[in-house]
Amino acid sequence: MFKLKSFFALLMLTLVVFAPGLSLAADDAASAAQEQEAQPKVNAAVELPKMQKILDKIKGQVSDETSENKLSQLNEMALELSGNADTLGQALLPDRQQLEAQLAVLGPAPKSDSDMKETAEVTRKRNALESQKSKMDAQIKQAEGIKNGALTLSSQIVNLRRDQLKSQLALNSGSIFGPRFWAPVFNSQDLDGEKISDFLDELQDTAGLSWEPGWRFGTIAWLIAAILVMVPGRRYSEEFLASISIHKMPEGRLRRSFLAAAIALTTLVAVVLTFNFIALAFTRRDEVSTDVQDFVDRLVQLSVYCGLIAGLGRAFLSTRRPSWRLPAISNDVALALKPFPPITALLVFIFQTVEAFNYSVGTSLNTTIFANGLTALLIGSTALAISIRTNRARRRMVQAGTPPEARSTLVGLIHMALTLTAIAILLSLIIGYVTLARFLSYEVIWCGILFGSFYFLSHLLNDGCESLFSTNNPSGRRIQSSLNIDERHLQQTATVLAAIGKTFLILFVVLALLNATFASSTPIELLQKAIEFWGGKGLESLNIVPAHMVNALVCLIVGIYVLRSVRRWLDSDFLPKTTMDVGMRVSLVTLFSNVGYVLIILLTLSIMGLQWNKLAWIVSALSVGIGFGLQEIVKNFISGLILLTERPVKVGDLVSISGIEGDIRRINVRATEIQLSDKSTVIVPNSQLISQNVRNATMGNAQGVVTILLTFPLNIDPVRVREILLEVYNENERILETPEPSVSFKDLTPQGIVLSVTGNVSSQRQISGAKSDLLFDILTRLRKEGIVLSAPQTMIIERRQQAAAEEPMP
């Protein structure tokens, strides 16, 4: 009998969930309840359309719902609807059997050529019973369809909740020390035991198919191939690549980076091929179910990440060849960390397999949370053990008198971040945030894979470009002879290509960090996302949301880091290899930095979702401020850009402005730094260098002129004095031979003869020192020759008053 109370409760729950949009369903439910009270039997023709309408409403609500509580409520409604539909179908079976019994009494209809004739009443009765039976068959089929549809919808809701559980980091699902967390171990919930048993039977059937006669030999062959690839194949491939690195590669750092990449690559290929061969051994038949095939495909995809973890760990530690180890790690620390890469890869494989199993089976959320908690617990404990064991190995080395390698700031930050993340994972599990702990665990592994791959690929790229274009190697000499270019240009090409390659690697890492996570994207999918990103997909409309703000912050930090790295590269690697002077190089670096910072700020604002067409009021407000308070700042900024582009003065010039003379050391955005002879610095606004008269002593000619004016008495021998002055100038090592020093008759005054002696020095900055040395030498020589300089004549006018005044007459 149909459960009237249960169905009525389901209708009431539907009214609560779909209150505003189900007024019609509420009226139907009320009328159905009245009809059910009036008649003892259920009217399937009325109830089935109502059930179908409720199922459709639940589907529509699920497609737009993200709340965990509401999804849980909808799941309960779907299960309740499935049970009611099954009860209704079972209630119709007795009526159907009764109709079949009545039809059996009437018997089949006589054939048209038969002599037996039946009355019209019997024919009408048979047709009526057959019509009722057909209608009842359709109702039973509809009830069965509603039941199956509701069960399928319930499974989809569970999968949807499981997927949302990975992103709901603030969901508190209970501490790992609480009974709620360990309940799936002792209690079977939501038919998990039955589902797991059914899927295990499917796996067992799949294995049985591979061992049937005619297929057994192929299965054994694939398994043997997997073992050969994993053990001897990986080892001999690694030895072969190591031999190539030692005997075929040119001497230099390329050997070590190539060997490290070879170790990681051979391990990755061996693990992936092994998993593929095992999958082919058991799932190559067409009779394998779709669920089992999807489960195995997930494991094959997982093998890529496990191979990367194991391969990068082996390449990073390189315990078999310590002298070839790429990072600066002491051998004791490397041996202490040796077990952790395979352990981490094994843990990731086990628990990702459990997650894939839960997804394929469709287990309850409690079982999923339990598996996620164990995953985070073991991965977090492993990360903390790595940190503790590293510190313990370093302390033992210090106690033994062999201090370990000095840590760089970056390595210290990575070690600190790993330790803090491991502690955060364990604390999250203790206080009940299992989803957050799982997220942090897999993010640690994902960041380790990305940064480890970037480390080895960047070293391989840099060393490869340097070796390829080096004239010490045959490839570099061949390129130089073929293109007939200077060695300096080859070095510049190697530096530029390495920088471009590292830039693409950095962009790929950033894209992977922002758009993927562990086991969510394959390398091919990441490459497709990178291509779509370069094509502009996803940048059509940006809004200010928390996720965009986080992306903008990451973009700002990475952009500033990349900009400073490129600036250091231009300043220390690339531009010094060109023919530009120091001033031009500094101007280019400064201009590049200013433009780069502006672009980074604009890009950050765009990622935040700031729309420029809505900033008119900000521009209007700023225009008023620029007209008053920001006028000088803007003027100096524009003047700085003019100085960097027009270059009337540049870094290294000797300038004089407003009585200040010194060397330009730096041209900033707002002001220019001028260093005086006493090593002090004067900050001059850029606008003054544009608007005022500036003397640039080194702009047109680098040479300086030393001119000394001397006044001699009229009775000297001018020819002899001229010879002495020229001798002093020619003997001074700073005075250039070309143009030659000269003495000219400057003036004839009452004080004497004025002679001007002139000579050139190689730099304007040598004028002061050379002039001092020349004056010392000239005065010494003139004193020895008995020639004196004209003394200045001073006229003193004294006015004497009469000592006594005339006395009056008596």
Side-chain angles (χ1 to χ4, degrees), residues 234-235 237-272 304-305 307-329 334 341 408 410-411 414 446-476 478-479 490-513 523-524 526-527 530 558 561-562 565-566 568-569 573-574:
R234 180 193 58 80
R235 181 173 181 179
S237 299
E238 184 177 323
E239 293 294 337
F240 174 72
L241 293 176
S243 176
I244 291 178
S245 175
I246 296 173
H247 300 97
K248 301 298 182 181
M249 290 288 176
E251 295 183 359
R253 296 178 300 179
L254 181 60
R255 289 184 175 182
R256 293 197 306 164
S257 57
F258 175 80
L259 181 60
I263 293 174
L265 183 62
T266 52
T267 305
L268 172 62
V269 173
V271 172
V272 173
V304 178
Y305 298 98
L308 279 174
I309 294 171
L312 292 174
R314 294 184 66 246
F316 192 81
L317 299 177
S318 186
T319 54
R320 295 183 59 187
R321 300 177 182 85
S323 59
W324 289 70
R325 187 178 296 124
L326 194 59
I329 302 177
S408 63
L410 180 60
V411 174
I414 293 175
W446 182 239
C447 292
I449 292 175
L450 291 178
F451 294 148
S453 302
F454 172 77
Y455 178 81
F456 289 113
L457 290 178
S458 61
H459 276 77
L460 181 63
L461 181 64
N462 188 47
D463 298 340
C465 292
E466 182 180 350
S467 177
L468 178 64
F469 292 96
S470 176
T471 54
N472 297 327
N473 299 326
S475 58
R478 190 177 297 111
I479 294 175
L490 288 177
Q491 296 177 357
Q492 294 176 1
T493 303
T495 305
V496 170
L497 290 180
I500 293 175
K502 287 183 179 179
T503 302
F504 279 105
L505 288 177
I506 291 174
L507 291 176
F508 187 80
V509 170
V510 172
L511 183 65
L513 287 175
I524 297 178
L526 286 177
L527 183 60
V558 174
Y561 172 76
V562 172
S565 300
V566 175
R568 287 194 300 268
W569 171 75
D573 293 341
F574 180 69

My understanding is that only residues two or more places apart in sequence, or in another chain, count here; which of them pass side chain to side chain contact (heavy atoms under 4.5 Å, CB included) with [X]?
| X | result |
| --- | --- |
| Pro327 | Phe316, Arg325, Ile329, Tyr455 |
| Val562 | Ile506, Val558, Val566 |
| Ala242 | Leu259, Arg321 |
| Asn473 | Pro250, Ser467, Ser470, Ser475 |

Can you name the side chain to side chain donor-acceptor pair (under 3.5 Å) partners of [X], sequence neighbours left out?
| X | answer |
| --- | --- |
| Thr495 | Lys577 |
| Glu466 | Arg253 |
| Arg235 | none |
| Thr493 | none |

Looking only at non-hydrogen atoms, find the nearest pair between [X] and [Y] and report the distance.
| X | Y | result |
| --- | --- | --- |
| Gly476 | Leu490 | O-CD1, 3.8 Å |
| Pro341 | Leu317 | CG-CD1, 4.1 Å |
| Ala334 | Thr319 | O-CG2, 3.9 Å |

Rounded to the nearest 0.5 Å, how far does [atom2] of [Y] lie from [atom1] of [X]?
| X | Y | atom1 | atom2 | result |
| --- | --- | --- | --- | --- |
| Leu268 | Arg234 | CG | CZ | 12.5 Å |
| Lys502 | Trp569 | NZ | CH2 | 10.5 Å |
| Phe258 | Leu265 | CZ | CG | 9.0 Å |

*List in chain and number order the residues that pass ring pair (Phe, Tyr, Trp, His ring centres under 6.0 Å) with Trp324, two or more places apart in sequence or in another chain; answer none if no residue qualifies.*
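For Trp324, no residue satisfies ring pair (Phe, Tyr, Trp, His ring centres under 6.0 Å) once neighbours in sequence are set aside.
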*asked:* Could you work out, with ring pair (Phe, Tyr, Trp, His ring centres under 6.0 Å) as the rule, every residue matching Phe240, not counting sequence neighbours?
replied: none
*Would you check, one step at a time, whether the test side chain to side chain contact (heavy atoms under 4.5 Å, CB included) holds for Leu497 with Phe469?*
CA-CA 10 Å; Leu497 290 180; Phe469 292 96; 3.5 Å; yes
*Mind jotting down which residue pairs meet the side chain to side chain donor-acceptor pair (under 3.5 Å) criterion with at least one end in residues 254-269? Sequence neighbours excluded, please.*
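Pairs touching residues 254-269 that pass the test: Ser257-Asp463, Thr267-Arg314.
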*Reference residue Cys465; test side chain to side chain contact (heavy atoms under 4.5 Å, CB included); the match among Leu461, Leu468, Asn462*: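 With Cys465 as partner, side chain to side chain contact (heavy atoms under 4.5 Å, CB included) holds for just one option, Leu461.
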